[in-house]
Amino acid sequence: MLIGKVVGSVVATRKDEKLESQKLLLVQVHDHNNKAKDQYVVAADSVGAGPEDMVLYATGSSARQTRITEGKPVDAVIMAVVDSWDLGGANVYEKWS
Amino acid sequence: MLIGKVVGSVVATRKDEKLESQKLLLVQVHDHNNKAKDQYVVAADSVGAGPEDMVLYATGSSARQTRITEGKPVDAVIMAVVDSWDLGGANVYEKWS
Amino acid sequence: MLIGKVVGSVVATRKDEKLESQKLLLVQVHDHNNKAKDQYVVAADSVGAGPEDMVLYATGSSARQTRITEGKPVDAVIMAVVDSWDLGGANVYEKWS
Amino acid sequence: MLIGKVVGSVVATRKDEKLESQKLLLVQVHDHNNKAKDQYVVAADSVGAGPEDMVLYATGSSARQTRITEGKPVDAVIMAVVDSWDLGGANVYEKWS
Amino acid sequence: MLIGKVVGSVVATRKDEKLESQKLLLVQVHDHNNKAKDQYVVAADSVGAGPEDMVLYATGSSARQTRITEGKPVDAVIMAVVDSWDLGGANVYEKWS
C-alpha cells in the first residue's frame, strides 16, 4: 500500500454498469516523509474518506477484496484513513494534532 | 485507475481468437492537472468512448472484470468516460464547458 | 497493452516443464509515435509473430488468458500483430505501406 | 520480492473491516548493495518483524498468500526477516555481525 | 519476463511457513543488450539456477504457476536458464561460447 491525500473526485456518467454509485476519489501520492509526490491515482473508496484525509490505498487484484469493489473493474481502493505514522521513532503525521 | 485521453485506435487482423471484434483504443495518460504525459496505453473499450474523450482506465486483472473483457488477454480497459474532476476544490476539467 | 517490435528470440533448454515448446520472443517497446524505447520484454507468442513485426503484448495475469499460455509461468504474451494505428487523426504506422 | 528495512508503522482506526488487528509497517526499500532508496511501501506483517529489521516483502496477489492476509485488501506483505545476503560472492548484510 | 543474472542468494530463517526450504536468489536485471541494470529482484528458483547463470524470471501471479511456488507468497520466479538470445539478427549472449 501507499499513502496519499484525498485531493478531489472524479465524475463519470457513462461507465461500466458495475460502477454505478461507486465513488471515485482523486488521491495524490505522498512519500514516507509526508511530502506530496507528482503522482496520483483515482481510487474507489471503501471507508468513507473525506477531502484532505490522508489515506492508504491498495492496487491491483487486492483492490477488489473489499465488499464494495468485489468483482468490479477497479484497480485501486482506499482501504483505510490514516491517523498517524512514525518513521525512525519520530512522528511524521498526526491527524488530530 | 488513471485518467487519459482517447487519441487513436489500433488495427490488428491477426490476433488471439478471444479478441475478435474487440475495439482497441490508444489512450494518452494525463496527470491530475490534465497535462498530457509522454505515456500511453492501448486499452479495450467497455463504454463506447470516442475520439478526444477523457476516460478512466483500469489495468491488470481488474481490466477483465467487464462483460466484454472477461477471460480475455487484455490488461487495460476503459471503464468510464470522465465528465469532470476537481482538485483542491477547483474544477480541473469539465466535458461540457 | 503496449506496442512493441519483435527484435529477437530467447533460447532456454533448462526451463519449467510447462514451458516446453513455448516460443519466447524479445520485444522492444515502442511509444505511441512509433519511436523505439530503451525498454524490452520477453513475451510468449500466441499469434505466430515474426521478426520485425509490430505487436501488441499484454502483461500480468492477463498474459495467461490465451490457449497457449493458460496456467503457465508467463507474465507477458503477444496477443496481436499490429496492422496500423493512428494518433490524433494521422496514421503513425501502416504495415503494408 | 524486494529487500527493505522496517522504519515505522502506520495507525489507522477507520479501515476496511477485514483489516481489523492487521499490523501495517512502513518499509523503506533497499537496493542489492543495502543502500536505502527513496522509496517505501506500507506492508502487512506475516512474520512478526520488528523495528530496523531487514525484511523481504512480496506485492500484488502474492501478498494475499499468507494465512493472515488471505482475502484481504492488502497488496504488500512482509513474508521473511532477512538474516543475510551475498552479492558476487561477498557478504553484503549479516544480521548478527 | 525479463532477463537477469544470478548474483547472490538471500538467507531468511524467520519466514512464512509456506516458504520453508524455498531457495531465494538475488537476480540483477540485464537489458536486451546484456548490460547490467541498477535493478534487482529476489526470486524463487524453479529450475536449479546457479551463480552467474543468465535467467528468465516472471513476476506477479504468474510467478505462482510453477509446482514449487504454487499458492506461496512469492511474486518472482526464475522459470528458465537462458542459453542464448539474439537481437536484430546478431547473437547477444551465448552460454557455451
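Small disclaimer: the values here were computed from a predicted structure and weren't measured. Here is how names work: the chains are called A, B, and so on, in the same order as the sequence lines, proteins then strands, and each is numbered from 1. Scope of the values below: all heavy atoms of this structure, side chains included, with no hydrogens, waters or symmetry mates.
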Open item on the list: Other residues, nucleotides and ligands only: do more than 12 of their heavy atoms fall within 6.0 Å of CG on E:Asp38?
Closed with: no
Task: E:Ser61 side, atom OG; C:Arg64 side, atom CZ - distance, nearest 0.5 Å - done: 3.5 Å
Open item on the list: If you count heavy-atom pairs within less than 4.5 Å of chain C, which of E:Ser84, E:Ala49, E:Gly89, E:Ala63 leads?
Closed with: E:Ser84
TODO: Please flag which part of E:Asp45 lies under 4.5 Å from any non-hydrogen atom of chain C: side chain, backbone, both or neither.
DONE: neither
Task: Under 4.5 Å from any heavy atom of chain C - which part of E:Ile68 - done: neither
Open item on the list: For a quick test of reading the model, state the closest non-hydrogen atom pair linking C:Gln28 to E:His32 and the distance between them.
Closed with: NE2-NE2, 3.8 Å
Task: Whether over 12 other heavy atoms sit under 6.0 Å from C:Glu70 CD - done: no
Open item on the list: Using heavy-atom distances under 4.5 Å, tell me whether E:Tyr93 contacts chain C through its side chain, its backbone, both, or neither.
Closed with: neither
- [ ] Say whether, by atom type as modelled, one donor and one acceptor occur between the side chain of C:Tyr40 and the main chain of E:Leu2 under 3.5 angstrom.
- [x] no
Task: C:Glu17 portion near chain E, given a 4.5 angstrom heavy-atom threshold - done: side chain
Task: More than 12 heavy atoms of other groups within 6.0 Å of E:Lys95 NZ - done: yes
TODO: Taking all non-hydrogen atoms of both residues into account, name the closest pair between C:Asp16 and E:Ser46 and its distance.
DONE: OD1-OG, 3.8 Å
Task: chain E contacts, top residue of C:Gly60, C:Pro51, C:Gly71 (heavy-atom pairs, under 4.5 Å) - done: C:Gly71
- [ ] Would you tell me whether C:Asp75 and E:Thr59 have side-chain atoms, one donor and one acceptor, within less than 3.5 Å of each other?
- [x] yes
Task: Contacting region of C:Arg14 [heavy-atom separation from chain E under 4.5 Å] - done: both
Task: Partner chain C: residue of E:Thr66, E:Val77, E:Thr69 with the largest heavy-atom pair count (under 4.5 Å) - done: E:Thr66
Task: Heavy-atom pair with the smallest gap, counting every atom of E:Val82 and C:Ala12 - done: CA-CB, 4.3 Å
Open item on the list: What's the separation between atom CE in E:Met79 and atom CG in C:Leu19, rounded to the nearest 0.5 Å?
Closed with: 4.5 Å
TODO: Kindly say whether C:Val74 contributes a backbone atom to a donor-acceptor pair with the side chain of E:Ser62 at under 3.5 angstrom?
DONE: yes
Task: C:Glu94 CD: over 12 foreign heavy atoms closer than 6.0 Å - done: yes
TODO: Go through the atoms of C:Lys18 and report whether side chain, backbone, both or neither lie under 4.5 Å from a heavy atom of chain E.
DONE: side chain
- [ ] Evaluate the side-chain proximity of C:Val11 to E:Trp85: yes if any heavy-atom separation is below 4.5 Å, no if none is.
- [x] no
TODO: First locate atom CG of E:Leu56, then atom NZ of C:Lys15, and finally report the distance between them rounded to the nearest 0.5 Å.
DONE: 9.5 Å
